[in-house]
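Reading through the structure tokens given below for one structure.
Just so it is clear: chains get the letters A, B, ... in the order the sequence lines come, proteins before strands, and each one is counted from 1. Keep in mind it's a predicted model, so treat the numbers as computed, not measured.
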Amino acid sequence: MEENRPLLVITAIANKQNMEELQQYLGRVMQIFGQHGGKPVGRYKTIEQLTGEDTPEMIAMIEFTDTESIKDMISSEGFQGLSEMRARVFDKLNLMICGGM
Amino acid sequence: MKTITKTFIAALFIVLISATSFAQEPAEGNTLVISAVINKENKAKLPEYLGKMKEVFKEFEGTPVGKYKRISIIDGDATPEMIAIIEFPNQEAITNMIESDSYQGLSDLRESVFSELSLSTYAKQN
């Protein structure tokens with residue numbers, strides 16, 4: 001992971017009724033990230049919430065060259081074309097751009 | 001006799017490999033993810049808190065993976081301002097850290113610097 005490169009951080013709670021479709025979605029969206037220069041940095045699934053509320057079940061971090069690439073990816077036909085699938089496979093979804101501290 | 005010995009050794013090898021596979025431990029939550037919203041009134045105390053927590057993590061063999069601040073929200077309504085990821089040798093180390101005097105001793109400072117704070121253990125996926 002290179003310093004100063006922005007990360008797309010995704011936190012989510014899966015829709016348990018569509019777990020099979022979730023795997024399809026993850027495969028497709030990873031390809032779209034790659035098409036825009038996104039490089040997976042880490043993917044985590046919750047084991048236990050220690051304190052706080054509304055812990056996501058999964059966290060993914062994808063490094064991009066710059067914030068413009070992230071925004072281009074989000075507005076791309078590829079990513080937008082998955083919106084219905086995305087709505088089916090996640091109960092909650094948050095996407096944000098983060099930088100290193 | 002030689003054939004029986006070879007067959008026996010091969011069978012023993014297969015049993016040992018199978019036993020090893022079954023003995024593999026399931027994925028453990030040895031990654032601590034901290035997500036937080038900062039209390040803007042006490043922002044000046046945050047570096048002090050983060051510096052002290054770095055020592056606490058070290059005491060329990062936690063290795064910082066990364067510390068991130070939110071630049072912008074693309075979608076969703078539950079986005080933290082800050083995320084920190086620390087890897088520990090195992091989940092027990094995380095539990096011990098949370099229960100320690102060192103960590104508990106920072107609770108007043110922690111409450112003053114964060115409006116919201118969430119700690120969870122995660123398993124890293126390949």
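Heavy atoms closer than 4.5 Å to chain B are found nowhere in Ile10(A), neither backbone nor side chain. Interface residue Gln91(B): only side-chain heavy atoms are found under 4.5 Å from chain A. Using a 4.5 Å cut-off between heavy atoms, Leu119(B) contacts chain A through both its backbone and its side chain. Heavy atoms closer than 4.5 Å to chain A are found in the side chain of Thr31(B), but not in its backbone. Contacts between Pro56(A) and chain B at a heavy-atom distance below 4.5 Å involve backbone atoms as well as side-chain atoms.
If you chain together hydrophobic residues whose side chains sit under 4.5 Å apart, Ile98(B) and Leu109(B) fall into the same group. Residues Val29(A) and Ile74(B) are members of one and the same hydrophobic cluster, defined by side-chain heavy-atom contacts under 4.5 angstrom among Ile, Leu, Val, Met, Phe, Trp and Tyr. The hydrophobic clustering, which links ILVMFWY residues whose side-chain heavy atoms are closer than 4.5 Å, places Leu50(B) and Phe60(B) together. Cluster annotation: Ile71(B) is not connected to Ile73(B) through the hydrophobic network of ILVMFWY side chains, with a link wherever side-chain heavy atoms come within less than 4.5 Å. Leu8(A) and Tyr25(A) fall within the same hydrophobic cluster, where Ile, Leu, Val, Met, Phe, Trp and Tyr residues are linked whenever their side-chain heavy atoms come under 4.5 Å apart, directly or through other members.
At least one side-chain heavy atom of Ile59(A) sits under 4.5 Å from a side-chain heavy atom of Tyr122(B). The shortest side-chain heavy-atom distance between Ile83(B) and Met96(A) falls under the 4.5 Å cut-off. Ile94(B) places none of its side-chain heavy atoms less than 4.5 Å from the side chain of Glu48(A).
By the 6.0 Å contact criterion, CD on Gln24(A) is enclosed, its count of non-hydrogen atoms from other residues, nucleotides or ligands being greater than 12. The number of heavy-atom neighbours closer than 6.0 Å to CD of Glu61(B), taken from other residues, nucleotides and ligands shown, is 12 or below.
Listed in order of number, the residues of residues 32-46 of chain B that approach chain A to under 4.5 Å between heavy atoms are Leu32(B), Val33(B).
Residues satisfying the side chain to side chain donor-acceptor pair (under 3.5 Å) criterion with Glu59(B), sequence neighbours excluded, are Ser102(B).
Within the model, atoms OG1 of Thr121(B) and CG of Leu50(A) stand 5.5 Å from one another, a figure rounded to the nearest 0.5 Å. How far CE of Met101(A) is from NZ of Lys67(B): 5.0 Å, rounded to the nearest 0.5 Å. Atoms CG and CZ, on Asp75(B) and Phe90(A) in that order, are 11.0 Å from each other to the nearest 0.5 Å.
Here the closest heavy-atom approach between residue Thr55(A) and residue Ser118(B) is recorded as OG1-OG, 3.6 Å. Counting all heavy atoms, side chain and backbone alike, Lys124(B) lies closest to Gly42(A) at CE-CA, 4.2 Å.
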### Message
Applying side-chain contact (heavy atoms from CB on, under 4.5 Å) to Leu7(A) and Tyr68(B), what does each step give before you reach the verdict?
### Response
CA-CA 9 Å; Leu7(A) 295 174; Tyr68(B) 313 97; 3.1 Å; yes

